[in-house]
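Values below: all heavy atoms of this structure, side chains included; hydrogens, waters and symmetry mates excluded.
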Amino acid sequence: MKALEILLSRRWILKSREKELYYQLKDELGEVKKFLMEKMGYQVIVNPMLVKAEKVPAEPENWMGILEFKDIRDYVYFCCVLMFLEDKEPEEQFVLSELTEYVQGQNQEMDTDWTVYHHRRSLIRVIKFCVGCGMMNVNDGDEEGFAKDADSEVLYENTGVSKYFTRNFTRDIMEYTGQEDFLNEEWIDISADRGIVRRQRVYRNLIMSMGISKTDRNEEDFAYIRNYRGMLRGELEELFDCSLQIHRTSAFMVLGEECRMGRCFPEENTLSDIALLCGGLLLREIEQGKIEVPADERICISRAKFEQIIEVCKTMYGNGFIKTYREKTTAELTREITQYMEELQLIQVSGSDVLVNPVVGKIAGEYPADFQQQNEK
């Protein structure tokens with residue numbers, strides 16, 4: 001895997017955990033760093049502990065949260081843990097009770113009671129995430145004991161890398177009131193040069209998202225893609241195993257088999273297969289004239305129609321699903337596949353309607369023609 005793909009795929013590369021890869025990236029940073037800074041506006045951090053590209057989206061999307069977290073409480077506890085680690089020296093040890101006391105003391109606006117299982121489980125998710133990322137090491141014990149007993153102890157060690165988890169902001173974020181303020185802060189220093197802002201937005205969207213669909217908000221960006229498509233295609237296809245595909249109202253960077261860059265679709269799971277099969281059924285309905293495609297190529301169907309498509313998918317292809325999904329009711333399957341496709345920005349649910357984004361036309365699939373005969377044998 002190339003250095004650029006690694007930096008874009010991973011939060012960071014820690015010397016303590018992947019020493020050879022850490023030194024490999026340091027040696028290959030030259031042109032990679034130039035591309036990240038000039039074309040995407042990403043700063044690259046290199047120090048004795050880690051190598052990291054500070055990745056910021058052009059705009060927030062559903063899949064960009066911490067997937068291990070389940071609710072807002074997890075994020076609140078996580079911020080408290082980051083503040084706690086900030087005051088610790090690298091390799092300094094601490095026990096779980098010290099951390100729980102700090103979190104409870106800092107968290108004044110949200111009631112925290114460690115006798116409540118839900119609260120303990122929330123902190124455990126946060127701790128597991130911090131350990132998995134390399135911000136903390138477990139020296140003795142297991143945090144799962146905390147799920148059963150609030151007085152359970154675990155010995156941890158601060159690695160010192162937690163201070164690099166959040167970005168350095170040039171302004172006081174206590175004055176910010178919403179996520180738009182954080183995104184706008186990204187462009188303030190270069191706002192005088194709209195060309196740079198537009199270029200970096202385009203590269204971020206093409207590389208870090210499912211693609212770009214033309215809207216009233218991004219007409220300027222889409223014009224940039226069409227005007228400089230030759231340059232964009234040449235540069236991206238030289239850096240990655242990919243093809244840049246530009247259409248009337250959308251543009252996609254389609255990765256080849258040799259490119260391994262973060263979370264990609266399709267994934268190796270049944271939900272991904274079902275999404276592909278539903279895409280195939282949607283295309284069939286379009287070809288048969290049952291669904292009309294508007295000028296912006298974003299199809300709008302009712303939620304009832306979407307559930308009907310999933311029911312047809314289950315009837316036609318259900319024999320190929322794993323047992324868990326074969327046994328789900330249509331309502332259960334619809335709920336789960338809707339959540340999955342929304343997370344990946346394949347669809348958007350708006351009231352009683354489902355908006356199908358153009359990218360679904362790129363990922364349509366079907367089982368082989370002899371599928372049913374093979375499964376009946």
Side-chain angles (χ1 to χ4, degrees), residues 57-65 67 178-180 183 201-202 204-223 225-226 245-254 263-267 269-314 316-317 325 328 330-366:
E59 56 186 70
E61 297 185 30
N62 294 338
W63 54 269
M64 290 179 177
L67 298 182
Q179 65 181 19
E180 296 81 9
L183 290 171
R201 232 181 8 237
V202 165
R204 290 184 187 188
N205 269 324
L206 285 173
I207 294 175
M208 304 299 287
S209 71
M210 271 289 198
I212 301 178
S213 296
K214 185 180 178 182
T215 65
D216 293 338
R217 292 172 53 229
N218 70 359
E219 283 189 6
E220 195 177 62
D221 292 0
F222 209 80
I225 292 173
R226 298 194 68 85
Q245 301 180 10
I246 302 171
H247 306 280
R248 182 164 55 88
T249 64
S250 56
F252 308 97
M253 178 178 162
V254 181
R263 186 183 185 186
C264 299
F265 186 90
E267 301 176 295
N269 57 45
T270 303
L271 278 176
S272 183
D273 292 346
I274 296 172
L276 286 167
L277 295 169
C278 287
L281 292 173
L282 276 166
L283 284 184
R284 185 182 301 179
E285 298 245 328
I286 292 170
E287 291 168 356
Q288 294 173 353
K290 296 179 181 178
I291 295 177
E292 292 186 6
V293 180
D296 66 358
E297 298 184 327
R298 294 187 74 203
I299 300 166
C300 180
I301 59 177
S302 67
R303 296 184 72 162
K305 177 66 175 178
F306 186 66
E307 184 168 349
Q308 181 188 13
I309 289 171
I310 292 174
E311 187 173 10
V312 171
C313 180
K314 187 170 183 278
M316 290 180 62
Y317 303 115
Y325 291 98
K328 285 183 183 293
T330 301
E332 290 172 336
L333 190 59
T334 299
R335 187 165 53 250
E336 196 160 341
I337 193 65
T338 300
Q339 181 180 348
Y340 178 73
M341 292 181 75
E342 271 196 297
E343 179 184 306
L344 293 178
Q345 300 289 88
L346 302 177
I347 63 171
Q348 289 174 268
V349 178
S350 177
S352 60
D353 294 329
V354 175
L355 300 174
V356 183
N357 291 324
V359 65
V360 173
K362 284 283 183 187
I363 59 172
E366 59 183 10

TODO: Return yes if a side-chain donor-acceptor contact under 3.5 Å exists between Tyr325 and Glu336, otherwise no.
DONE: yes
Task: Residue pair Phe222 / Asn205, side-chain heavy-atom distance below 4.5 Å - done: no
TODO: Please report the closest heavy-atom contact between Ile337 and Leu271, naming both atoms and the distance.
DONE: CD1-O, 3.4 Å
TODO: Run the salt-bridge test on Lys214 and Glu219 with the 4.0 Å N-O cut-off and return the result as yes or no.
DONE: no
- [ ] For residues Thr249 and Ala295, report the shortest heavy-atom separation together with the two atoms involved.
- [x] CG2-O, 3.7 Å
Open item on the list: Under a 3.5 Å distance rule, please check whether Ser302 uses its side chain to pair with a backbone N or O of Lys305 as donor and acceptor.
Closed with: yes
Task: Side-chain donor/acceptor of Gln245 to backbone N/O of Met253, under 3.5 Å - done: no
Task: Minimal non-hydrogen separation, Pro57 against Arg204, with atom names - done: O-NH1, 3.8 Å
Open item on the list: Checking side-chain polar atoms at under 3.5 Å, does Thr215 have a donor or acceptor matched by the opposite partner on Asn218?
Closed with: yes
Open item on the list: Under a 3.5 Å distance rule, please check whether Arg226 uses its side chain to pair with a backbone N or O of Asp221 as donor and acceptor.
Closed with: no
Open item on the list: Any heavy-atom pair between the side chains of Leu344 and Val359 that's under 4.5 Å?
Closed with: no
- [ ] Report yes or no: does Ser250 contribute a side-chain atom to a donor-acceptor pair with the main-chain N or O of Ser213 at less than 3.5 Å?
- [x] no
Open item on the list: Within this structure, what is the OH-CG distance for the pair Tyr317 and Asp273, rounded to the nearest 0.5 Å?
Closed with: 12.0 Å
TODO: Starting at CD1 of Ile299, measure out to CG of Asp353 and round the result to the nearest 0.5 Å.
DONE: 13.0 Å
Task: Spacing of Gln348 atom CD and Leu346 atom CG [to the nearest 0.5 Å] - done: 10.5 Å
Task: Pairwise distance CE(Met341) to OG(Ser272) - rounded to 0.5 angstrom - done: 10.0 Å
TODO: Check Val356, Val354, Leu355, Ile291 against Cys300 for a side-chain contact (heavy atoms from CB on, under 4.5 Å) and give me the one that passes.
DONE: Leu355
Open item on the list: Quick check for you: to the nearest 0.5 Å, what is the distance between Lys290 atom NZ and Leu282 atom CG?
Closed with: 12.0 Å
TODO: Decide yes or no for Phe252 and Ile246: does some side-chain heavy atom of the first lie under 4.5 Å from some side-chain heavy atom of the second?
DONE: no
TODO: For residues Tyr340 and Glu267, determine if any side-chain heavy atom of one lies less than 4.5 Å from a side-chain heavy atom of the other.
DONE: yes
Open item on the list: To the nearest 0.5 Å, what is the distance between NZ on Lys328 and CG on Leu333?
Closed with: 7.5 Å
- [ ] Report the residue from Arg298, Lys362, Gln345, Glu297 that forms a side-chain hydrogen bond (donor to acceptor under 3.5 Å, both in side chains) with Asn357.
- [x] Arg298
- [ ] Could you tell me whether the side chain of Leu281 reaches within less than 4.5 Å of the side chain of Met316, counting heavy atoms only?
- [x] yes
Task: Closest heavy-atom pair and its distance - Val360, Gly279 - done: CG1-CA, 3.8 Å
Open item on the list: I want to check something: taking the side chain as every heavy atom from C-beta on, are Leu276 and Phe265 in contact at a cut-off of under 4.5 Å?
Closed with: yes
Task: Enclosure of Gln288 CD (heavy-atom neighbours >12, cutoff 6.0 Å) - done: yes
